[in-house]
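Here's the structure, in structure tokens; my notes come after.
Below, all heavy atoms of this structure are taken into account, side chains as well, without hydrogens, waters or symmetry copies.
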Amino acid sequence: MAEWESIFPPIILEQGRQYFKDNAVTLTKEVPEQIQAQVKVGKRTYQVKLDFAEDGSGMTGSSCTCSRGKKGIPCEHLAAVIFKAQSQQDQDQDQLPDDTALFKEVDPEALALLDRATDQDILVFLEMIMTAEPTIKKMFEDFLKLNVSAGGDDYTPASDFADFKDEVQDIVQSAQNKRGVIESEQVEDFIGGLRDLLMADSDFLLEIGEDRQLISELNYIYEILTQVKFDEPSREADELVGYIESSWRTIFKRGLPQAKDDVFQWLQTQMMKPEHQFSQNIERFWAANFKAKDYLAQKLNFAAQKLALTEKEAAKQKSEHPDQHEHNYQVRYWATEYIRLMITLKKSEKTIAEFVKQHKQYGDVQGEYVKYLMDKKHYKKAAAVLKEAKRSRQDSKIMMSYYSFLLQDLYLEMNDQAAYANELWLTLTDYDPGNIKQYQQYKVLVDPKQWPEKQQAIFLAAQKHPERLAALYELEHLTAPLAKLVIETPGLELFVKYNQQLPAKYAPQLLTKYETELNEAAQQAHNRTEYRRLAQSLQGIKQLKGGAVRLKAILKQWRTEFTKRPAMLDELKNVKA
């Protein structure tokens with residue numbers, strides 16, 4: 001490694017090396033005293049300048065227009081330019097003379113002496129030698145101009161954060177179209193720019209103890225992600241949110257309470273704003289962290305506020321749209337969080353029971369209460385709560401299934417096998433037909449003489465759920481009914497999953513079904529994505545006996561029938577008959 005590389009954090013150095021390899025650097029001025037360059041990253045161009053001593057003793061200063069460079073911190077753009085400059089010099093001559101090197105190599109013996117010395121030894125020596133030798137003082141002054149420290153006396157978190165926000169806004173504006181939307185083609189550059197900006201700052205800010213400054217930057221980027229509009233869901237944005245949350249946890253481990261408080265307050269501020277694409281991420285992080293007692297007390301108060309607000313909003317929406325139920329989600333969520341926090345904070349059983357009574361329509365609240373009662377060994381009371389919950393929610397199979405599931409766990413805890421078997425039977429024939437796990441649990445409890453009749457009743461109940469019924473047939477090795485189900489069920493989902501498991505005698509029927517489904521899909525396809533998916537599906541027909549011949553016939557038919565769909569014909573070229 002060249003000596004100059006050690007002034008850059010590894011991640012910054014590697015990013016600079018990558019920019020150099022990607023030909024992102026253009027040298028615009030090369031004279032002995034100065035190199036000027038442009039580094040183009042996506043739609044942004046950064047101006048970099050390197051200054052050199054007239055006597056060839058090395059670099060005396062540097063600058064870059066990025067936020068990191070403005071702080072006097074070695075940035076990836078500066079590293080890229082140095083890589084480019086050295087590469088250019090290496091092309092001009094096999095070996096650079098010592099007096100033209102960008103940096104002088106450090107004497108290993110000098111490094112060894114420095115390792116032996118204390119900080120006080122070095123300070124005393126510097127004071128002595130700079131007093132005795134003005135040239136040494138000048139050399140030290142030039143060294144400080146390299147700006148490889150924390151940016152000197154000019155660095156302040158407030159001004160630094162203002163620069164950071166300006167650069168973030170530049171990234172946002174360069175990615176948005178005229179309608180203020182970030183199209184899929186721009187997402188990679190947009191998210192990459194934000195990520196690079198964060199990663200460039202994180203190591204430095206942690207090194208100098210500016211945890212809260214880094215928290216401010218992380219929070220600002222997160223808030224930007226909640227505000228921008230993407231033309232389609234962005235996996236890259238989800239990954240950046242994951243990086244931010246991971247960075248928060250890293251900072252929490254450093255033990256600075258003010259930094260953790262900053263995140264806590266920011267999260268609660270965000271949760272008071274209208275819903276957005278990352279609302280649930282924020283709620284989950286808030287719920288999963290901040291377990292200290294003082295935080296829990298604050299969370300309980302906050303959950304109470306949110307519950308009151310969401311109940312008010314739900315009542316308003318219900319009066320305006322009585323047939324819709326989506327407005328209950330937030331009420332259910334905050335009611336559940338509230339009871340969890342009450343239980344964690346060991347509120348009285350009477351207080352908890354009263355809250356449950358007021359919110360018994362929410363299954364998650366009932367579920368948390370039942371777990372609480374089970375932890376206290378109040379099994380009979382827990383069973384009574386669940387039976388009443390089932391009676392009150394007979395309008396919802398989902399809720400009946402949920403309460404039955406909780407009862408099953410309870411009966412197992414109580415060692416009541418008969419009640420447990422009965423709940424399994426109700427689930428398999430009414431609440432949740434075809435549940436394979438509960439099917440297996442129920443089978444071992446039934447008398448073998450009674451099983452054939454019970455099994456047929458379970459299969460009958462599962463007929464409205466072909467994918468579950470198919471799984472049961474597969475489990476029991478019932479080939480004939482499985483083949484019949486695959487052939488008669490609309491769509492190709494069951495076909496794709498099970499056709500390889502069926503005997504060869506079913507091949508003609510499977511082939512006819514496959515062709516019929518593909519022809520219907522071809523009629524409905526209207527864009528390149530659907531055409532590409534269709535072409536990929538065509539390849540599967542060759543796996544069936546006689547499929548290769550049928551494939552050639554289909555391709556011939558489609559190329560004649562769909563002449564006005566050039567994109568489709570283009571995708572069909574990729575199908576190997």
Side-chain angles (χ1 to χ4, degrees), residues 1-53 58-93 95-96 100-105 143 145-151 160 163-164 166-168 170-171 174-175 186 188-205 207 217 221 236 240 243:
M1 176 187 288
E3 189 61 37
W4 64 268
E5 296 182 19
S6 63
I7 71 172
F8 294 90
I11 191 170
I12 300 301
L13 185 69
E14 278 309 305
Q15 187 64 66
R17 192 192 311 273
Q18 192 59 50
Y19 287 159
F20 162 63
K21 291 179 178 179
D22 292 343
N23 295 316
V25 182
T26 302
L27 300 181
T28 58
K29 179 179 179 180
E30 291 182 86
V31 295
E33 302 83 23
Q34 190 178 85
I35 291 176
Q36 294 183 14
Q38 294 180 339
V39 181
K40 185 172 177 58
V41 181
K43 292 185 176 181
R44 301 179 304 283
T45 300
Y46 300 98
Q47 308 296 330
V48 179
K49 184 171 69 173
L50 307 176
D51 294 316
F52 300 94
M59 193 168 78
T60 59
S62 64
S63 67
C64 179
T65 56
C66 73
S67 63
R68 192 176 175 86
K70 289 175 183 176
K71 292 178 279 187
I73 308 168
C75 64
E76 61 271 33
H77 314 108
L78 174 60
V81 172
I82 296 176
F83 278 123
K84 176 73 172 181
Q86 287 203 327
S87 174
Q88 193 76 32
Q89 290 174 345
D90 290 344
Q91 291 176 14
D92 294 340
Q93 50 188 326
Q95 185 174 2
L96 286 171
T100 60
L102 294 178
F103 288 85
K104 295 292 187 180
E105 295 292 329
F143 170 77
K145 290 178 182 177
L146 290 175
N147 291 324
V148 298
S149 65
D160 177 60
D163 288 341
F164 176 85
D166 287 343
E167 188 151 0
V168 169
D170 287 343
I171 294 172
S174 68
Q186 300 299 324
E188 186 174 351
D189 278 349
F190 170 66
I191 297 297
L194 296 179
R195 184 181 58 248
D196 290 349
L197 199 57
L198 277 177
M199 294 176 74
D201 272 5
S202 60
D203 288 345
F204 166 74
L205 290 173
E207 183 179 344
E217 294 187 2
I221 293 281
E236 294 87 349
L240 183 54
Y243 171 80

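- In this structure, V81 and A37 approach most closely via the heavy-atom pair CG2-CB, 3.7 Å.
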### Query
Yes or no on side chain to side chain contact (heavy atoms under 4.5 Å, CB included) for M199 and Y243, after CA distance, side-chain angles and deciding distance?
CA-CA 10 Å; M199 294 176 74; Y243 171 80; 3.3 Å; yes
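- The shortest side-chain heavy-atom distance between L198 and F164 falls under the 4.5 Å cut-off.
- Atom CG of L194 sits about 4.5 Å away from atom CD1 of I221, to the nearest 0.5 Å.
- Of the possible polar contacts, one joining the T65 side chain to the Q47 backbone as a donor-acceptor pair under 3.5 Å is found.
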### Query
Where do L205 and E217 land on the side chain to side chain contact (heavy atoms under 4.5 Å, CB included) test, with the steps shown first?
CA-CA 10 Å; L205 290 173; E217 294 187 2; 3.8 Å; yes
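- Inter-residue side-chain proximity for I35 and K49 is flagged as unmet; no heavy-atom pair is nearer than 4.5 Å.
- Across F20 and V25, no two heavy atoms sit closer than the pair CA-CG2, 4.4 Å.
- Atom SG of C75 is separated from atom CG of L197 by 11.0 Å, given to the nearest 0.5 angstrom.
- Heavy atoms only, all atoms of each residue included: V39 and H77 are closest at CG2-O, 3.8 Å.
- One side chain, Y46 or E167, offers a donor N or O that lies under 3.5 Å from an acceptor on the other.
- With a 4.5 Å cut-off on side-chain heavy atoms, E14 and Q18 do not count as touching.
- Side-chain contact between L78 and L50 is present, with at least one heavy-atom pair separated by less than 4.5 Å.
- With rounding to the nearest 0.5 angstrom, the CD1 atom of I171 is 11.0 Å from the CZ atom of R195.
- Two residues are said to be in side-chain contact when any heavy atoms from C-beta on lie closer than 4.5 Å; Q88 and E30 meet this criterion.
- For the pair F52/T60, no side-chain contact is recorded, criterion being any heavy-atom separation below 4.5 Å from C-beta on.
- Checked by atom type, the side-chain pair Q36/Q34 shows a donor-acceptor distance below 3.5 Å.
- Nearest heavy atoms, T28 versus Q38: CG2-CG, 4.0 Å.
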### Query
side chain to side chain contact (heavy atoms under 4.5 Å, CB included) between L27 and K84: does it pass, once the steps are laid out?
CA-CA 8 Å; L27 300 181; K84 176 73 172 181; 3.8 Å; yes
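- For S174 (side chain) and D170 (main-chain N/O), a donor-acceptor pair under 3.5 Å exists by modelled atom type.
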